K.L.:
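Take a look at the following structure, please.
Remember, predicted model here, so these are calculated numbers, not experimental data. Along the sequence shown, residues carry numbers from 1.
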Amino acid sequence: MRIRSLLVLPVLVAAFQSGCCGSGTGGYLTYHNSTDFFVHVIIDGGDSALWVPPWGVGSIDACENDEVTVVVAPGQTADGTDRLVVGYCCGDSFGNNGNCGELTATWTGRSLVADIYSPNCGGSCPYVAVRRGGEWVGQGEALVGALNRGAARGDTVPLPAAREEDGRYAVRLGAELQEDDYFESLSLRVVDRPAGIEVVPDARGTLVAARRVARPAAARDAGGVDRTAELSDDDGDAWVGDDTSRSLDGRPRDWAIVEFDRPRSGTEAVLVIRGRNTRFIQDSYHAFMFRFGPGIRKFMRRASSWPGYGAAVDALLMRAGFALEVAVDDGGVWRPVGRIGPIGPAGPRAVALPVRLPDRTAAEPVRVRLTALPGAWEIDRVGLGLRSAARLRTTTVQPTGSRLAGPNGATLDSGAADPGDSGAATVRVPYRHSIEVLFAAPPPRRGSERDVFLVVRGWYEELDYSRRPCVAWGELWRAATHPGAFADFVVERLRRRLAPRAVATVPEGDVK
């Protein structure tokens, strides 16, 4: 109830500070005709592109939930009636005169096939990379959900590819998508540990040591399909829960149940879960926000200065379905043990979840349930180990130098942009720019293995190209007062995406 009131009050107050507009703000649909035929691309009740030539490319006006019809132009088949009706959901443009979707028509054998794609044209989070062998290797995203200054927070990002080169580590944070990034502090946490010990951050960024981390003995999804292989190794073969027909506690959810052999001793365990949110859920967020009009970004930036904004954003992300919910079977009752917050789709991340195991006999397996909004998560690995009391040497390392680089890699500012300690000035990294930071590597401890983590505090702001301040207040009010609005939107969008592609087959002998 508190979260709902936090949303409703800003809606009422901000309505007096910016204009109002209806939903359905326009955008553009880009089309690609990859066939050898002329085609018509028709928006039901709207714009059309007729006689698009073979391999032609263009764009037409499109609005939210428009239906697209693709027709093989007359004269190329016996009757010219081969047509496709493709469900289409506009997204991502926010009325900024950018692409809100792409349609590609292709010819396969004797069939015309059309697919709709919704590219991510919105903001994201800072992308993190480390330099290794002269190249930048992506490590994922930082500060997921820290949208606008009021949601500034800290984050601990594992850097598994980090290697010392010339006595230093080099880390890059880039504003890859349509956003500006702001960093209040950056440092490295370097951990030397015994072999056989895994060190993984928990949801709060605290480092947790685990020993004897075991693979699952068995794993099945909600439909009973064996998922043991997908959830056993860091190999990119991930489980994605995308069954839209199921629900849990009255909410659309999909899940997998993972079984482990019970550890021989101890009940203080650690679940190590490696995964990330899907690109689909990130694109769905942008498409959902599109419904509220071109002024929504201005409104959220203004609201970020109000007390409670950051807590409200965190709670809304959890409630909306960006979180992975984890429970343990405790005598036939699923006992919640924690949730893992959003992890950006740019790269998977390992997260530790301390768990106290139920008291059971050694023969009984430990059963863990992972629950997610359909289409929201892909999980690559789940492991179970025991808490370790091994001696770790942890060193915090401050930057020794940095540079701000432009889109072509040219140095724009060297040394001046140095977000070292928390007392330094906030560093702004504009869209398509990056900050590259150097850290001196501490000497290794003999007989130990090393893990490196980036510790960062900051936020990001999505770019706002539109000069229109209007917000679709009716749509925003309905979303604010309906807790399941985003989940329902995602499920319906996923159903359309998973539906069989529309295919029109030309009868034998009809192609001229």
Side-chain angles (χ1 to χ4, degrees), residues 130 132 137 139-140 156-165 169 188-219 228-239 258-276 326 328 337-338 340 343 347-358 360 362-368 370 379-397 441-455:
V130 296
R132 183 171 178 176
V137 180
Q139 301 292 276
T156 302
V157 184
L159 304 177
R163 296 292 184 274
E164 174 187 341
E165 294 185 357
Y169 296 106
L188 287 189
R189 190 169 296 163
V190 180
V191 179
D192 292 310
R193 55 172 175 78
I197 300 295
E198 289 193 36
V199 178
V200 184
D202 65 11
R204 296 178 178 271
T206 302
L207 297 181
V208 178
R211 58 186 174 90
R212 299 178 185 173
V213 179
R215 300 168 60 184
T228 309
E230 289 99 317
L231 294 172
S232 292
D233 297 301
D234 296 336
D235 56 5
D237 183 17
W239 168 73
V258 187
E259 293 187 359
F260 296 92
D261 294 331
R262 182 172 293 275
R264 295 180 181 178
S265 62
T267 58
E268 299 298 322
V270 179
L271 276 168
V272 178
I273 300 174
R274 179 176 168 84
R276 57 181 163 181
V326 184
V328 173
V337 294
I340 296 176
I343 296 174
R349 182 190 296 193
V351 179
L353 190 63
V355 176
R356 185 173 180 83
L357 300 179
R360 293 288 180 270
E364 292 180 285
V366 177
R367 301 176 73 233
V368 177
L370 311 177
I379 308 298
D380 193 31
R381 177 207 176 196
V382 185
L384 180 69
L386 293 172
R387 290 292 295 263
S388 172
R391 294 181 59 187
L392 307 176
R393 188 182 74 177
T394 302
T395 307
T396 298
V397 184
R445 187 169 69 176
R446 181 176 299 180
S448 295
E449 298 182 357
R450 172 165 286 186
D451 295 315
V452 181
F453 304 87
L454 173 69
V455 181

K.L.:
Compare every heavy atom of Ile273 with every heavy atom of Val326, then report the nearest pair and how far apart it is.
P.N.:
CG2-CD1, 4.0 Å
K.L.:
Do Leu384 and Val368 have side-chain heavy atoms sitting under 4.5 Å apart?
P.N.:
no
K.L.:
Donor-acceptor check, side chain of Gln139 to backbone of Val130, threshold 3.5 angstrom: yes or no?
P.N.:
no
K.L.:
Please confirm whether the backbone N or O of Glu364 pairs with a side-chain atom of Arg262, one donor and one acceptor, at under 3.5 Å?
P.N.:
yes
K.L.:
In a check of salt bridge (charged side-chain N to carboxylate O under 4.0 Å, His left out) between Asp192 and each of Arg391, Arg445, Arg450, which one passes?
P.N.:
Arg450
K.L.:
Working to the nearest 0.5 Å, report the span between CG of Asp237 and CG of Leu231.
P.N.:
9.0 Å
K.L.:
Would you check if the side chain of Asp202 reaches a backbone N or O of Ala352 as a donor-acceptor pair within less than 3.5 Å?
P.N.:
no
K.L.:
State which residues pass salt bridge (charged side-chain N to carboxylate O under 4.0 Å, His left out) with Glu268; sequence neighbours excluded, sorted by chain then number.
P.N.:
Arg356
K.L.:
For residues Gly338 and Leu353, report the shortest heavy-atom separation together with the two atoms involved.
P.N.:
CA-CD1, 4.1 Å
K.L.:
Rounded to the nearest 0.5 Å, what's the gap from CG on Asp451 to CG on Leu207? Could you check?
P.N.:
9.0 Å
K.L.:
To the nearest 0.5 Å, how far apart are CD1 in Ile340 and CZ in Arg274?
P.N.:
12.5 Å
K.L.:
Report the C-alpha separation of Val191 and Thr394 in whole Å, then their side-chain angles, then the decisive distance to 0.1 Å, and conclude whether the side chain to side chain contact (heavy atoms under 4.5 Å, CB included) test is met.
P.N.:
CA-CA 4 Å; Val191 179; Thr394 302; 3.9 Å; yes
K.L.:
Short question: side chain of Arg204, backbone of Pro201 - any donor-acceptor pair under 3.5 Å?
P.N.:
no
K.L.:
What pair of heavy atoms forms the shortest contact from Phe453 to Pro158, and how long is it?
P.N.:
CD2-CA, 3.6 Å
K.L.:
Return the minimal non-hydrogen interatomic distance between Val208 and Pro354, and the atom names on each side.
P.N.:
CG2-CG, 4.5 Å
K.L.:
So with a 6.0 Å cut-off around CZ of Arg212, is the heavy-atom count from everything else above 12?
P.N.:
no
K.L.:
Can a salt bridge be assigned to the pair Glu198 and Arg381 using a cut-off of 4.0 Å between side-chain N and carboxylate O?
P.N.:
yes
K.L.:
Nearest 0.5 angstrom please: Arg193 CZ to Glu449 CD, how far?
P.N.:
4.5 Å
K.L.:
Show the nearest heavy-atom pair for residues Ile379 and Val382, with the distance to one decimal.
P.N.:
CG2-CG2, 3.8 Å
K.L.:
Looking only at non-hydrogen atoms, find the nearest pair between Gly266 and Leu386 and report the distance.
P.N.:
O-CD2, 4.0 Å
K.L.:
Hey, mind stepping through Leu271 and Phe260 against side chain to side chain contact (heavy atoms under 4.5 Å, CB included) and telling me if it holds?
P.N.:
CA-CA 11 Å; Leu271 276 168; Phe260 296 92; 4.2 Å; yes
